[in-house]
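Computed over heavy atoms, backbone and side chain alike; hydrogens, waters and symmetry mates excluded.
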Amino acid sequence: AADDGKQQAAPVQDPKANDELREMKTRIVVSAVFLIILMVFSMGPMLGLPLPAFVSGTENAFALALVQFLLTLPIVFINRKYYINGFKTLLHRAPTMDALIAVGSGAALVYGVYALFQIGYACAAGDMHTVHTYAHDLYFESAGMILTLVTLGKFFEARAKRKTGEAIAALMDLRPQTANVLRGGQEVSV
């Protein structure tokens, strides 16, 4: 009788992969919470949502820009690995997807900081036309959105890879450990 290998092996779970998925979930949740609030402040008026009085109107454009910047910082901080890996690969002249993410979100962030300073200078000078112009040039939500959506995509990718690996391991566990073969008229276990 051959051993048919039908013993049920528990799926092998890589603790490192589970920790990575848990860490990515945390990054997604934190990023999403701050991004939703950021989107209310940056896009809310376009949807007819009222803003608090301290950030409403052109005269409070600096406060609005500062709030958007402060809401973007936690998203950037928790997803800083894209910047670390991305700029490192750029310096080694071997850019990866992280480099594209770092450059795209970094450009939006740096330009937003530039616009924030321009709003501050224009407010101090009483130049409301410039304030109005730069108030519409804030791209903090773009930086936050890029980082959050890429993290979500990488989470789905990592989860799919883990499930695929588990499925392959389960298929390999289904193969019989031994087989009986007829050799020279005799049954031999291999």
Just how far is it from atom [atom1] of [X] to atom [atom2] of [Y], taken to the nearest 0.5 Å?
{"X": "His132", "Y": "Thr58", "atom1": "NE2", "atom2": "OG1", "result": "6.0 Å"}
{"X": "Thr26", "Y": "Ile28", "atom1": "OG1", "atom2": "CD1", "result": "9.0 Å"}
{"X": "Leu90", "Y": "Leu100", "atom1": "CG", "atom2": "CG", "result": "9.5 Å"}
{"X": "Ile101", "Y": "Ile146", "atom1": "CD1", "atom2": "CD1", "result": "9.0 Å"}
{"X": "Leu64", "Y": "Leu116", "atom1": "CG", "atom2": "CG", "result": "10.0 Å"}
{"X": "Glu23", "Y": "Glu20", "atom1": "CD", "atom2": "CD", "result": "7.5 Å"}

Test of understanding: with side chain to side chain contact (heavy atoms under 4.5 Å, CB included), list the residues that count as partners of [X], not counting sequence neighbours.
{"X": "Met39", "answer": "Leu35, Ser42, Met43, Glu141, Met145"}
{"X": "Val113", "answer": "Phe69, Phe117, Phe140"}
{"X": "Val40", "answer": "none"}

query = Does a side-chain heavy-atom distance below 4.5 Å link Leu51 with Asn60?
reply =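 Counting from C-beta outward, Leu51 and Asn60 never come under 4.5 Å.
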
request  = Using a 4.5 Å cut-off on heavy atoms from C-beta on, say whether the side chain of Met97 contacts that of Val150.
outcome  =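 Of all side-chain heavy-atom pairs linking Met97 with Val150, none is under 4.5 Å.
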
key: Tyr114 and Tyr134 aromatic ring geometry - parallel, tilted or perpendicular at 30°/60° bounds   =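 It falls in the perpendicular class, over 60°.
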
Got a sec, which pairs hit salt bridge (Lys or Arg N to Asp or Glu O under 4.0 Å) with one end in [range], sequence neighbours left out?
{"range": "residues 34-55", "value": "none"}
{"range": "residues 148-161", "value": "Asp98-Lys154, Glu157-Lys161"}
{"range": "residues 79-97", "value": "none"}

Are [X] and [Y] connected in the hydrophobic side-chain network, where two residues link if heavy atoms are under 4.5 Å apart?
{"X": "Ile36", "Y": "Leu70", "value": "no"}
{"X": "Leu73", "Y": "Val55", "value": "yes"}
{"X": "Tyr139", "Y": "Val110", "value": "no"}
{"X": "Val33", "Y": "Val67", "value": "yes"}

Can you list the residues that meet the side-chain hydrogen bond (donor to acceptor under 3.5 Å, both in side chains) rule with [X], with sequence neighbours excluded?
{"X": "Thr133", "answer": "none"}
{"X": "Ser105", "answer": "Tyr83"}
{"X": "Tyr82", "answer": "Arg27, Thr151"}
{"X": "Ser31", "answer": "Asn79"}

ask   = Taking everything shown except Gln186 itself, do over 12 heavy atoms lie less than 6.0 Å from its CD?
value =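 No.
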
message = Does Met128 have more than 12 heavy atoms from other residues, nucleotides or ligands lying within 6.0 Å of its CE?
response =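 Correct, the count exceeds 12.
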
Restricting to non-hydrogen atoms, name the atom on [X] and the atom on [Y] that form the minimum distance, rounded to 0.1 Å.
{"X": "Ala61", "Y": "Val131", "result": "CB-CG1, 3.5 Å"}
{"X": "Ala65", "Y": "Ile119", "result": "CB-CD1, 4.0 Å"}
{"X": "Gly86", "Y": "Ala102", "result": "CA-CB, 4.3 Å"}

key: Residue pair Asp137, Gln118: steps toward the side-chain contact (heavy atoms from CB on, under 4.5 Å) verdict   = CA-CA 10 Å; Asp137 284 348; Gln118 291 299 322; over 6 Å; no

request  = Quick one: name the residues clustered hydrophobically with Met172, using the 4.5 Å side-chain heavy-atom rule over I, L, V, M, F, W, Y, and just say none if it's on its own.
outcome  =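 Its cluster mates, by chain and number, are Ile168.
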
query = Which is it for Leu109 and Val76 under the side-chain contact (heavy atoms from CB on, under 4.5 Å) test, yes or no, and what are the steps along the way?
reply = CA-CA 9 Å; Leu109 187 64; Val76 169; 4.0 Å; yes

message = By the ring pair (Phe, Tyr, Trp, His ring centres under 6.0 Å) test, which pairs, at least two apart or in different chains, include something from residues 25-55?
response =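 Of all non-adjacent pairs touching residues 25-55, none passes ring pair (Phe, Tyr, Trp, His ring centres under 6.0 Å).
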
